[in-house]
Structures are given as C-alpha cells and as structure tokens.
Amino acid sequence: MSTAVTTVKPVMPAKHYLNDNYGIRSWLLTKDHKRIAVLYLVSITFFFFLGGIFAALIRLELLTPQGDLFQSDTYNKLFTMHGVNMIFFFLIPSVPAVLGNFILPIMLGAKDLAFPKINLMSWYIFIIAALFSLAALVSGGVDTGWTFYTPLSTGYVRTNVIVMAVGILIAGFSSIFTGLNFIVTVHRMRAPGMTWGRLPLFVWANYAASLIMILGTPVIAITLILVALERGFHIGIFDPKLGGDPVLFQHMFWFYSHPAVYIMILPGMGVISEVVTCFSRKRVFGYSFIAFSSVAIAVFGFVVWAHHMFVAGISQYSAMVFSLLSFAVAIPSAVKVFNWTATMYKGSVTLETPMLYALAFIGLFTIGGLTGLFLAALGMDVHIHDTYFVVAHFHYVMVGGMVTAYIGGLHFWWPKMTGRMYPEAPAKLAALITFIGFNLTFFPQFILGYLGMPRRYHSYPEEFQVLNVLSSAGASVLAVGFLLPLIYFLWSLKYGEVAGDNPWNATGLEWTTTSPPPTHNFHEVPVVTEEPYAYGEEEGSGVH
Amino acid sequence: MVKRRDLVSTNQTTTTEHHPALAHHFDNMEQQQGASTFGMWVFMLTEIMMFGGLFAAYLIYRLKYYDAFKAGSTSISVSWGFANTLVLIASSLTMALAVWAAQRGDRKKQVTFLILTMILGAVFLGVKAKEYKDKWEECHIPGHVIGKGFNTWGGCDVNNPKLGNIADEMRDPKEHGDPSIPEVSAIQTAKQTEIFFSFYFAMTGLHAFHMVIGLGLLTWLTLRARSGEFGPAYYTPVELGGLYWHFVDIVWIYLFPLLYLISRHQHHG
Amino acid sequence: MQFKLPLFPEQASSVAVQVDAFYLFLVLITTFFSLLVALLILFFVIKYRKRPGVEAEQIHGSTLLEIVWTVIPLGISMVIFVWGAVLYYHIENPPANALEIYGVGKQWMWKFQHPGGQREINTLHVPTGRPVKVTLISQDVIHDFFVPAFRVKTDVLPNRYVYSWFTPTVPGSYHLFCSQYCGTKHSAMIGEVIVQKPDDYAAWLASGKAEGSLASMGEKLFQEFGCGTCHRPDSGARGPSLQGLYGRPVRLSDNRVVVADDNYIRESILNPNAKIVSGFQPIMPTFQGVVSEEGLIQITEYIKHLSVQESEPLNNRTNPTELRDNEVPTIQQELQQGSQPAPTPGKKP
C-alpha cells in the first residue's frame with residue numbers, strides 16, 4: 001500500500017446549480033430542488049432567530065419573580081409567538097425542507113423530486129403562511145398559547161386568532177406537499193439497484209416523517225378551520241355555553257400535534273445515522289432495526305395523543321390505555337440510541353463538528369426521552385403536567401435533539417451544498433458553547449417543574465428565582481452558540497476552503513457528485529450495487 | 001461502491017424521441033405517469049384525513065345530542081339532497097367517459113364530456129345555493145353574524161311564524177312529529193340544533209369549496225383537451241382530474257346519508 | 001434577590017410521599033441510562049479513536065443484542081407503567097368519607113365553599129388527618145387546580161364538575177396554582193391552601209360568618225325556584241322524587257341507567273331534556289342563566305342531604321352502584337311496591 005498520497009487541491013466545479021442561472025426570476029421560479037432547499041434555508045433561519053428573540057425576551061422577564069419587564073398580555077403573546085414560530089415555521093420544515101429537499105433526491109440517485117413544481121409551490125405556501133403569521137404578529141400578536149385551547153381561544157381573547165390559525169393551517173399544507181413529494185419520490189424514483197434495503201437511513205427517516213405529515217396534518221387543518229369559524233361566525237362547536245365540548249378540541253388538536261413531534265424528530269434522527277456512520281468509518285449497527293423503528297415510531301405516534309390530556313377530564317380507563325401505548329412508543333427510540341452507540345464500537349472515530357453535534361444529540365435526546373417516561377407515567381404526570389418539567393422535557397428533545405441534529409446536518413452537508421468548508425475551529429467552539437448553554441438553560445427547569453412552577457407564568461413565587469436566573473444565564477450562552485454558526489457559515493461562502501466532491505470520505509450517492517452539484521445532480525446516472533454505509537471497501541482518493 | 005454507466009439509465013426506452021410532455025427529471029412516460037397517479041392517491045388520502053376529522057367530530061356530537069340532530073336532519077330537504085346525489089353520480093359518469101375519450105384520443109368527446117361534467121357540477125352548486133338560501137330564510141344559519149340570527153324555535157318571520165320553526169315541527173303530526181312532546185322541551189331541543197347546523201355548513205361548505213376548485217381544474221383541462229394535448233400516449237392530467245372529481249363525489253356520498261338521511265322521520269319512542 | 005434554592009416541594013399530603021418515591025425511582029433510572037449512554041460514548045470515542053493503521057471493523061449488527069435492548073427497556077417501562085397506573089388510581093379515586101368542599105374557578109380567582117356555608121376567595125382552609133375532596137367547576141375557560149405540596153392536579157372545566165382529593169398531613173401554608181393557561185392574569189391566579197390541625201380548623205370554621213350551611217342555602221334556592229312543586233315524593237308528582245337520589249342509579253326513558261352524581265344533577269337543572277327519568281314527561285324548564293354556579297353547588301348539596309330514612313337498602317345491597325342494570329326499578333315501580341318510604345317533606349339536614 002502506498003504511503004505517500006498526493007492530494008490534489010479541490011477546485012470548485014465550473015458550473016453548478018448555484019451559478020447555472022442568475023437573476024431573481026431564476027430563483028423565484030426555480031424547479032430545482034436544491035435551490036428550493038436554499039430558499040427554505042433562508043426562510044426558516046429568519047423564523048428561528050425571530051422565535052429566538054421571543055425566547056430571549058421571555059428569559060429576560062423571568063430573571064425576576066415579579067412581572068416587571070412586560071405587561072401580562074405582552075408576555076402571553078411572547079410565549080405564544082415563540083411556540084408558534086418555532087414549531088410551525090422552523091422545526092417542522094427544518095430538516096425535511098432544507099436538508100431533505102436538497103439531499104434526498106441525490107441520495108436516491110434521482111434528478112429531482114417527483115413533483116418539482118409542487119415543491120416550489122410548497123415553498124410559496126410556506127411564505128404565504130409566514131405572511132399570515134407576521135400579520136398576526138404586527139397586528140398585536142396572539143396570546144392563546146401555541147395550543148389554542150378552547151374556549152379561551154374561541155371566546156375569550158381579543159387578539160388576532162383567526163389570522164394566526166389560518167397561517168398555521170396554510171403552513172400545514174406546505175408540510176403536506178413536501179411529505180407527498182418525498183413519498184412518491186422514494187417509491188418511484190430510486191436509481192437502478194437502489195432497493196428498499198439499500199436506502200440510506202436518512203431516507204427511511206424522512207419517509208417515515210412524510211407518512212406522518214400526510215396523515216396527521218390535515219386534522220390540524222380542519223381543527224383550526226373550526227376554531228376560525230367558531231370565532232368568526234360565533235358558532236359553537238367547542239363552546240361549552242352552547243353545549244360544545246372543549247375537550248373535543250384538545251383531542252383533535254393533539255391528534256396531529258403529537259405525531260407532529262415525530263415529524264420533527266425523525267428526520268433529525270436520520271441525520272444522526274448518516275453522521276455517526278461517516279465519522280466512525282463503519283456501517284451502521286442494526287440497519288434494519290433503525291429503519292423499521294422509524295416506521296414504528298410513525299405508526300405508534302398516532303395512538304398516544306391523549307397523554308397530553310391525562311388531567312384534562314378524560315376517563316381513567318382511557319388514561320391507562322394511552323399511558324401504556326406511550327411507553328410502547330418510547331422503545332423504538334431507545335433501540336435507535338443503542339444502535340448508534342454500538343456503531344462506534346470498534347470504529348475509527350474522529351470528532352469533526354458534525355460528529356460533535358451527533359454525539360450531543362444522542363446524549364441530550366436520551367435525557368429528553370427518558371424524562372418523557374416521567375410524563376407517560378400517570379401517577380407522576382398528575383404532579384408535573386403543565387409545569388416547567390414539561391418545558392424542560394420538550395426542549396431537551398426539540399432543541400437538544402432536533403435543533404442539534406439540524407445544525408449538525410447543516411455542517412455535514414454544507415460542503416456539498418455550497419462547495420465550501422466551514423471553519424472547523426470556530427465550529428467546534430460554537431458546538432461546545434451551545435452544549436453548555438443548552439444544559440444550563442434547561443436542566444434547572446426540570447427542578448423548577450417538580451417544585452411546581454407552572455408553565456406560561458409571567459410572575460412566580462420568590463423561591464423559584466435562583467433556578468430561573470440560572471436558566472436565563474444559560475440562555476444567554478446558548479444564544480451565542482446559535483449566533484456563531486450564522487456568522488461563520490456566511491463567512492465561509494466567500495472565504496471557506498473549497499471542499500471538493502467528498503471532503504468527509506463518506507459513502508452515499510450525494511458524495512459521488514460535485515460540490516456543489518450540477519443542476520441535474522449527476523453527470524452520469526449512478527447504478528447502485530452495494531449496501532449503504534459500505535465503509536469497509538472504499539475507492540477514491542480519500543486519505544484514511 | 002458505485003459503478004457508473006455513461007449515457008442512459010437502464011430504464012429508458014430505446015427510442016431517443018421524447019414525448020413533449022415528459023418532464024426532464026423522469027426517465028420515461030411510464031415512470032412519470034406512475035408517479036403522478038401515485039401522488040394523486042396520496043393527496044386523496046390527506047383529504048380523507050381532513051374530512052374524516054370533521055366527520056368524526058360530527059358523529060361524536062350526534063351521539064351527544066341525538067334528538068337535536070334528528071330534528072336538524074329532518075329540517076333539511078331530502079329531495080334536493082337526493083337530486084344533488086344523482087347529479088353528482090351522473091357527473092362522475094361523464095367524467096369517467098371523458099377519461100376514456102382522452103385515452104382514445106377522441107378530442108371532441110373529451111371536450112364534450114368534460115363540459116358536461118362541469119355543467120352537472122354547476123347544477124350541484126346551484127342546488128346547494130338554493131338550499132343555503134332556504135336555510136337563510138328559515139334563520140337556520142348558526143351564529144349571529146350572518147342573516148337574522150339563529151332561531152329554530154320561535155319562527156323566523158313575523159308574518160309566517162311556522163317558517164323554520166323546528167320546535168313546532170317536532171310536535172306536528174303532519175310533519176311526522178310527536179304532539180306529546182311539551183313545547184318547552186321542543187324549544188330547548190331546537191336551540192341545540194345550532195350545533196347540527198354548524199356542522200351542516202362546515203361539512204357541505206368544505207365540500208362545495210372542493211367542488212369549486214374541481215370546476216377550476218376541469219376548466220383548465222377542457223382548454224388543454226381542446227388543443228388536442230391528450231391521447232393514448234399522454235392523458236395523465238385527465239386521469240388525475242378524474243380521480244379528484246370521483247373523490248369529491250364520494251365525499252358527498254358519505255355526507256348525504258350522514259346529514260340528510262339518518263334518523264330522519266323516525267317516530268319518538 | 002433571595003438566595004433560596006429549594007429542590008423539592010414540601011410533602012404535605014399522604015400521597016406526596018408516594019409520588020416522591022416514584023419520582024426517585026424514575027430519576028434513578030434516568031440517571032443510570034443517561035450515564036450509561038454518555039459513558040459508553042465517551043469510552044468508545046476514546047478507545048476507538050482513529051489511529052494510523054487501525055481500521056474500523058464492519059459489524060452488521062446483532063439480533064441478540066437488539067432483542068436484549070428492546071426487551072429490557074420494555075420490561076422497565078412496564079414496571080413504570082404499572083406503578084404509575086396504580087398510583088394514579090389512588091390519586092383519582094377519593095375515599096367515601098371525604099370532607100367535601102366546592103370550588104369555582106373563574107378568570108382570575110378561586111372561590112371556595114365549605115359545607116357549613118363558609119366562603120373563601122383565593123384561600124382554602126383544610127384540616128389535617130382526613131381526606132378532603134374538592135369538587136370544582138369553571139365559570140369561563142379551562143383552569144387547573146394544582147397544589148404542588150399535595151402532588152395533585154386537575155383541569156377545571158366549564159360545564160362539568162371535576163374533583164381532586166388529598167389528605168393533608170402537615171399544617172402550613174402552601175401554594176395553589178392555576179396551571180392551565182387561562183388568559184391575561186393566569187400567573188396571578190394563585191391561591192393559598194392553609195392546612196390546620198383539626199382543632200384550629202374547627203375554630204376557623206366557627207369564626208367565619210357563614211349564612212348557613214351550603215345545604216340550607218340550597219334549600220332556600222329550592223324553595224325560591226319552586227322545585228318542590230313538581231319534585232315531590234308522592235306518586236302523582238310531575239317530577240321524580242329527590243329523596244335519597246344522590247348516588248343512586250336512575251333508569252332513563254331510553255332505558256339507559258346512569259348514576260345521579262354532581263354532574264347529573266347539574267345537567268338536569270340546566271339541560272333537563274338531556275336525560276328524562278323513565279315514566280316522566282319532559283316538561284321541566286331549564287334554569288340556565290337563572291342560577292349561578294355557586295347556587296348549583298348549594299342545591300346539589302341540599303339534594304345530597306335528602307336521605308332515605310330507615311329503609312332497607314335496595315335489594316339488600318349497601319352500595320347502590322352494585323345494582324345491575326335490569327335490577328334498577330323505575331320510580332313508579334318503587335312507589336307501587338311501597339319500597340320507597342314517604343319522607344318527611346322539608347326536613348332540614
């Protein structure tokens with residue numbers, strides 16, 4: 001085996017999807033899934049930082065026990081808009097619409113998604129929804145909480161609920177069309193030789209998430225339509241004064257919103273599968289188990305919704321059934337965590353930034369998932385429901401899990417998308433800062449929750465202050481951790497090192513084409529003959 | 001790991017001539033047609049979930065307010081509903097014939113059948129408009145934002161107190177009502193029919209909205225059919241339009257019995 | 001800023017100890033598995049770091065391991081589920097001899113009524129050593145009754161009674177939080193639960209100026225609204241007798257059998273046609289808008305006190321809900337068989 005390796009310095013390809021066409025029309029009317037992914041990237045980054053500003057203001061207010069920074073109504077609007085923007089306009093699109101749109105067709109060896117025009121339409125629908133949301137924001141914001149519980153939202157608040165509800169349901173359609181596109185693409189547009197058993201796990205994860213998108217999202221659409229009708233025309237569907245049932249709203253709302261959390265996390269898990277294998281130089285441990293657990297999570301995720309309603313007035317019998325099922329849905333996630341960990345066993349591990357984020361994900365998601373068991377346990381949930389324990393739990397899985405996976409995935413595929421490497425040292429620093437800031441922000445909230453501090457509280461009893469101050473301090477560190485990537489990613493567009501086709505020496509069809517890829521993804525159509533993650537037998541000029 | 005093959009993929013047909021409608025990201029028409037049809041079915045699945053949520057809520061309330069929903073069902077016209085059902089079924093027939101004509105490349109028949117389908121669809125919407133107008137006049141529109149406000153117990157029109165008076169109808173033997181029900185309870189039940197009407201308008205309204213979109217789609221298809229775009233090699237848009245139209249028809253087939261037929265005209269126990 | 005750093009809420013009810021024990025178990029499990037994963041990751045990252053000349057070993061997987069790490073978490077989950085379910089059953093089902101207190105939540109305050117008629121706003125006095133059941137309803141939106149020190153919580157719904165029960169153990173003053181977001185002053189809807197030793201509690205009860213017990217106030221309303229015109233125990237009455245009604249199963253005109261609980265009585269007053277007792281006509285007018293939530297509570301309390309006098313329990317069973325459906329006689333049948341005694345009308349409880 002030769003010991004001297006001549007490395008050829010990579011050059012940017014002459015023509016690629018970014019410089020193939022210039023002008024605003026070529027972007028706004030593009031059918032190229034990669035450009036649409038970039039459009040989404042810009043849009044959701046805006047909403048991430050908008051939601052982040054609301055979070056910063058919330059944590060500022062909570063430094064002191066009194067509600068002295070904002071009026072109550074303003075504070076209520078802050079947490080509502082934080083939740084709505086983060087969930088519907090950042091988390092749900094994030095990995096599927098940015099990374100999925102960009103990478104999925106290339107991973108399959110396809111030239112584009114099945115329906116490129118619908119893909120573009122899906123982005124425009126997102127933008128229209130975003131405009132509704134911003135309109136609701138500038139017209140005073142909404143203060144119902146992102147959960148819109150009735151009858152508060154239909155009969156007791158004076159804010160612009162209808163505009164917000166319409167915005168969210170429109171965003172739902174954006175999500176539905178993305179999911180539809182993914183499903184048809186995975187079924188019909190795989191390259192020759194790419195059987196279901198050879199699909200990368202990122203594809204399996206997005207496929208499972210897409211199943212949830214198409215089945216669950218229509219239900220939130222109809223629920224919000226009913227809320228809007230009730231508010232607009234003063235009809236009573238959920239209004240108890242007219243005989244309506246407010247608990248029915250909760251059932252319909254959570255029927256979507258619980259599977260929605262799996263829409264959010266499954267694609268992130270897909271990212272982790274790709275990153276852990278690449279930076280362990282090993283095929284993934286238990287491929288079929290990870291693939292099927294994604295589908296199992298999607299299926300089980302639909303039958304656990306009422307665990308959000310254990311104290312809402314449902315019967316004890318239903319509560320027991322939903323509690324049992326909620327434990328069942330936790331098992332596939334545990335299986336994944338163990339499989340990822342086992343993937344590193346006897347691997348050859350390096351700690352580039354994507355791997356740092358992936359490892360952080362595994363740890364933080366484990367904690368978040370295990371604290372979910374507290375909430376699934378009936379006798380425990382009675383005490384901690386609607387307290388900061390729940391807030392800590394979902395931020396651990398959503399931020400410690402999902403956002404971490406998203407940022408890790410951005411780092412992993414950034415070279416492919418832009419042709420440039422991000423700067424490794426600042427990136428590692430940002431990862432560390434984020435990790436520390438995150439834990440400092442959210443761990444104290446578990447304690448606060450068990451102490452009994454309820455959610456959505458503008459002011460609180462004095463004895464909760466120390467923990468709140470710790471949490472707010474952590475938030476300021478976390479903010480830095482999130483801002484740094486924004487800065488250095490932008491910097492890298494001009495000054496980053498040129499990446500070359502496969503800077504990570506990863507397997508996967510996306511790494512066989514140029515960085516950035518040509519508009520049609522491949523110069524030559526690939527044919528797949530081997531299993532995914534075939535790290536044992538690599539060709540190419542990469543250095544081990 | 002990956003072997004490359006130059007030029008074409010193994011799926012493409014040997015002819016180098018591309019059908020003008022073949023999109024660049026598909027290998028051949030067969031793949032395009034398969035993907036498009038599959039996509040349409042997935043979309044219809046999402047629509048089933050949306051209407052399904054609404055139907056489920058309706059059924060839950062029907063169990064809860066049985067008498068009121070019974071009275072509500074009785075007060076909407078089963079004749080017009082039935083007529084509309086026949087109209088829609090006929091329109092599905094004409095739509096299927098349009099797809100068949102497109103498959104055979106018969107331009108004249110395609111256009112004729114598409115236009116007939118649209119006419120029948122418009123008739124449906126016209127009948128629905130008439131039914132809505134009746135409800136307006138009878139003050140059966142829920143809420144107090146549209147019309148004269150919801151009122152099913154006191155009669156809506158000073159000159160014609162029977163108009164829309166469900167409470168009276170519940171007790172009138174000529175309307176298959178039960179005279180032994182005291183007026184007080186009839187009035188109370190009549191007030192509860194507001195929830196029934198909320199669902200009536202939400203369900204038929206959502207359905208009508210889909211019909212309007214369907215008419216728009218059919219117009220576009222008709223224009224393309226006129227220019228001879230569809231034939232045996234490529235008729236997918238017509239097929240997809242047909243799928244959509246049949247779906248909207250099927251939703252009505254569920255709506256009609258759920259809203260108009262069940263527990264209609266049954267005598268009280 | 002006060003430097004108080006509590007880590008656990010006080011344990012002031014009998015169930016708090018059990019909940020905390022369960023919590024400790026869950027914390028141990030979480031800590032164990034989180035540490036396990038974290039340490040494994042750390043270990044693997046160090047031990048299997050990339051080294052020159054050492055290649056990764058391509059392992060497909062191990063079905064045995066998959067089974068092990070599916071079955072073990074499943075087993076642990078089932079243990080957690082059962083423990084949680086049993087604890088929940090205990091938390092949700094009050095014992096029969098509980099002291100009954102009523103609460104009404106509204107934006108943004110709590111109003112409580114004790115059976116002796118004492119009323120409180122935003123505070124709730126309870127004695128130690130006996131179970132207390134708080135029956136709650138909301139006047140407007142969904143609220144939530146949460147006392148962290150007791151480890152109990154229930155959403156408080158409009159149009160429907162719910163309840164929460166606890167046995168206070170340690171005298172003191174504890175937070176009552178509304179923990180279902182209810183609008184502008186949600187975080188100000190805070191109350192205080194004052195737990196007192198039984199003597200102190202009795203003294204407090206005596207010191208307040210109550211207008212009479214809840215039941216006597218209910219009786220006043222009963223007479224004021226003329227309920228007794230129809231609801232009489234004699235066989236010619238237009239409405240079913242209310243003597244001994246509370247807690248008994250009732251046969252309806254559509255042959256269903258329901259138990260006459262708080263929700264049934266409230267519904268019968270506000271929406272009389274929802275459930276018609278078998279053998280009676282649907283002629284009762286509605287009192288929606290006429291009687292307040294507090295009034296409904298008082299009337300219910302009065303009806304509870306209309307007890308069956310010195311009669312055999314129906315069919316020789318002591319618990320009315322043990323009756324099977326087809327054993328529940330209609331009121332008419334009972335009157336004909338003479339098994340329902342003629343009570344003394346207007347007797348004060």
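Letters A, B, ... mirror the listed sequences (proteins, then strands); counts begin at 1.
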In terms of heavy-atom proximity below 4.5 Å to chain B, should [X] be classed as side chain, backbone, both, or neither?
X: Phe177(A); result: side chain
X: Phe173(A); result: side chain
X: Leu248(A); result: side chain
X: Met189(A); result: both
X: Leu180(A); result: both

Gap separating the [atom1] atom of [X] from the [atom2] atom of [Y], nearest 0.5 angstrom:
X: Gln31(B); Y: Arg188(A); atom1: CD; atom2: CZ; result: 9.0 Å
X: Tyr58(B); Y: Ile237(A); atom1: OH; atom2: CD1; result: 12.5 Å
X: Met50(B); Y: Leu215(A); atom1: CE; atom2: CG; result: 14.0 Å
X: Leu226(A); Y: Phe199(B); atom1: CG; atom2: CZ; result: 6.0 Å
X: Ile235(A); Y: Ile146(B); atom1: CD1; atom2: CD1; result: 9.5 Å

Review point. Ile141(B) versus chain A, heavy atoms under 4.5 Å apart: side chain, backbone, both or neither?
Key: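 Looking at Ile141(B), nothing touches chain A.
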
Review point. Can you say whether Phe51(B) sits under 4.5 Å from chain A via the side chain, the backbone, both, or neither, judging by heavy atoms?
Key: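 Neither part.
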
Side chain to side chain, [X] and [Y], heavy atoms closer than 4.5 Å:
X: Phe201(B); Y: Phe233(A); answer: no
X: Ile214(A); Y: Leu45(B); answer: yes
X: Asp245(A); Y: Tyr61(B); answer: yes
X: Lys111(A); Y: Asp27(B); answer: yes
X: Phe255(A); Y: Met49(B); answer: yes
X: Ile222(A); Y: Leu206(B); answer: yes
X: Phe26(B); Y: Asp112(A); answer: no

Review point. What about the rings of His25(B) and His520(A), do their centers lie closer together than 6.0 Å?
Key: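 Here the rings of His520(A) and His25(B) have centres that are no less than 6.0 Å from each other.
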
